[in-house]
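Naming: A, B, ... by sequence-line order, numbering from 1 per chain.
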Number of protein chains: 2
Amino acid sequence: MIEKFLNLSMDKQERIINAALKVFSQQGYEQASTNEIVKEAGISKGLLFHYFNNKKELFFYLYGYAVEQLMNEFVAKLSRDEKDIFMKLRQAVLLKFDLIQRYPDVFDFLKTAYFENCAEIKPELEHYNKELMASGYSTIFHNIDHSLFKEGIDVTRAIQIIFWALEGFGLQQQEKWKANRYEDINMDEVMEEIDQYMHILKQAFYRQ
Amino acid sequence: MIEKFLNLSMDKQERIINAALKVFSQQGYEQASTNEIVKEAGISKGLLFHYFNNKKELFFYLYGYAVEQLMNEFVAKLSRDEKDIFMKLRQAVLLKFDLIQRYPDVFDFLKTAYFENCAEIKPELEHYNKELMASGYSTIFHNIDHSLFKEGIDVTRAIQIIFWALEGFGLQQQEKWKANRYEDINMDEVMEEIDQYMHILKQAFYRQ
DNA sequence: AGGGCATTGACCACGGTGGTCAATTGGCAT
DNA sequence: ATGCCAATTGACCACCGTGGTCAATGCCCT
């Protein structure tokens with residue numbers, strides 16, 4: 001079944017994958033129609049169900065693909081031995097923005113999958129999602145040097161605050177970007193803005 | 001049409017409103033079925049369409065109701081002359097949690113309405129949502145005393161950070177509460193946790 | 001008794017769904 | 001050329017739930 005799909009030429013695989021990612025991420029599992037997917041991919045309905053037994057199987061194949069595509073790169077590129085939380089988070093954000101720009105549909109798919117509500121897939125999905133988040137967080141927060149912080153500061157909470165600040169900033173940016181296409185974004189400006197926030201927090205929390 | 005609805009006894013109005021709020025907030029506009037709403041409200045289909053011309057009209061009536069119920073109270077209770085951003089945000093969060101507990105469905109409705117994607121209502125809705133957020137933010141950030149901050153600090157960004165920290169904390173809590181019923185929550189513990197974060201930020205940003 | 005509003009729920013046309021399968025195509029070995 | 005088999009098509013299916021209607025009924029007041 002699915003071996004047939006894997007024997008396809010790479011670009012045909014990708015055409016189908018991208019079409020499905022797009023439709024699922026725009027409509028959510030239940031609303032996403034296989035009709036729209038095949039139209040978007042430029043193949044016939046029959047062929048899709050020749051490769052995947054049913055909608056659910058297709059969805060979870062995509063989920064696996066997306067996780068592999070994004071998370072593996074994320075975990076791989078985030079340097080394991082960076083001990084400065086600011087540098088680490090800066091790196092993580094940069095990487096995240098890079099991934100969003102390079103694989104917008106993959107990223108969106110994972111995001112909507114995270115909030116998926118459909119009963120048919122929710123339980124299974126929730127389990128995977130938890131693992132995913134946990135591995136992401138551990139990659140970020142592992143091996144952080146607490147001794148760089150001012151004495152008497154609650155380091156765990158301080159780190160949490162730094163993280164929330166970056167998360168908030170990220171969401172604010174995404175709100176701004178809704179209209180624009182990703183290419184038109186001046187990443188230098190964005191990073192400079194981030195660094196301003198980091199600077200404030202560094203002065204607040206780090207030994208001078 | 002709708003005058004007939006307004007002439008109903010309060011508790012019947014509320015039964016219908018609550019049913020509709022619940023279904024809309026759980027399923028989103030398009031997925032929400034009028035069948036389910038009337039079943040939940042314990043009335044017949046015909047009656048619903050006797051009060052509201054169509055689904056859309058019902059939805060926007062609910063939206064107005066929800067805004068009135070929540071925002072008016074929020075704006076009214078948030079003291080206009082509090083100049084300390086920490087006190088103001090503490091008040092705002094407390095108020096927000098209180099509203100979530102007292103009107104969970106109303107709150108959820110507004111939240112899902114904010115992320116609504118359905119083309120039939122999105123444009124109109126987006127407009128209202130923007131106004132809503134703007135008025136909320138201005139209520140919070142108006143009349144803040146910048147002179148309480150340490151010299152040389154970028155106050156605007158510092159305030160932003162404080163806000164993001166609280167927002168992040170709030171989201172983290174909501175994640176935790178997903179399982180629990182709102183009544184089982186120990187609000188004192190939550191507030192104490194908040195105060196710990198506030199304390200850290202205060203030390204970081206305020207003149208001592 | 002009867003006028004008139006509140007209320008019912010069976011009914012409708014419709015659109016779209018996930019999935020199937022007999023028929024066709026296309027490429028390759030003979 | 002021929003035969004063969006896998007890749008591919010798209011018309012087709014049964015099904016479901018939808019938003020909305022409307023003739024009929026219930027109920028209350030005069």
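The side chain of A:Asn35 has C:dT17 as its nearest neighbour among C:dT7, D:dT9, C:dT17. Among C:dT7, D:dT8, C:dT20, the nucleotide with an atom closest to any side-chain atom of B:Ser44 is C:dT7. Between D:dT8, D:dG20, C:dT8, one nucleotide has an atom nearer to the side chain of B:Leu47 than all others, and that is C:dT8. Among the nucleotides C:dG19, C:dT17, C:dT7, the one closest to the side chain of A:Ser33 is C:dT17. Each of D:dT9, C:dG18, C:dT7 was ranked by its minimum atom distance to the side chain of A:Phe49; first place goes to C:dG18.
Taking the six-membered ring where tryptophan is involved, the planes of B:Tyr61 and B:Phe5 are perpendicular, since the angle between them exceeds 60° and thus also 30°.
If you measure from atom NZ of A:Lys45 to atom P of D:dG10, you get 13 Å, rounded to the nearest angstrom. For the pair A:Ile121 CD1 and C:dG18 C1', the interatomic distance rounds to 15 Å; values are reported in whole Å. In this structure, A:Lys55 atom NZ and C:dG16 atom C1' are separated by 11 Å, rounded to whole Å. Atom P of nucleotide D:dA7 and atom CD1 of A:Ile2 are separated by 15 Å, given to the nearest angstrom. One interatomic measurement links the two molecules: CD of A:Gln27 to P of C:dG18, which rounds to 11 Å at whole-angstrom precision. In this structure, NZ of A:Lys4 is placed 9 Å from P of D:dA6, rounded to the nearest angstrom. Atom P of nucleotide D:dG20 and atom CD of B:Glu120 are separated by 8 Å, given to the nearest angstrom. Atom CD in B:Glu36 sits about 14 Å away from atom C1' in D:dG19, given to the nearest Å.
We find that A:Asp84 and A:Arg90 are not joined by a salt bridge, their nearest charged nitrogen and carboxylate oxygen being 4.0 Å or further apart. A salt bridge does not link A:Arg15 to A:Asp11: none of the charged side-chain nitrogens sits closer than 4.0 Å to a carboxylate oxygen. Salt-bridge formation is not detected for the pair B:Lys22/B:Asp108: no Lys NZ or Arg NE/NH1/NH2 atom is positioned less than 4.0 Å from an Asp or Glu carboxylate oxygen.
Counting non-hydrogen atoms under 4.0 angstrom, A:Lys56 reaches nothing in the nucleic acid. Residue B:Lys12 is in sugar-phosphate contact alone, with no base atom involved, counting any heavy-atom pair closer than 4.0 Å across all strands shown. Across all strands shown, A:Tyr51 has heavy atoms under 4.0 Å from sugar-phosphate atoms exclusively, and none from any base.
Cation-pi geometry between B:Lys96 and B:Phe74 is not met at under 6.0 angstrom from the ring centre and within 45 degrees of the axis.
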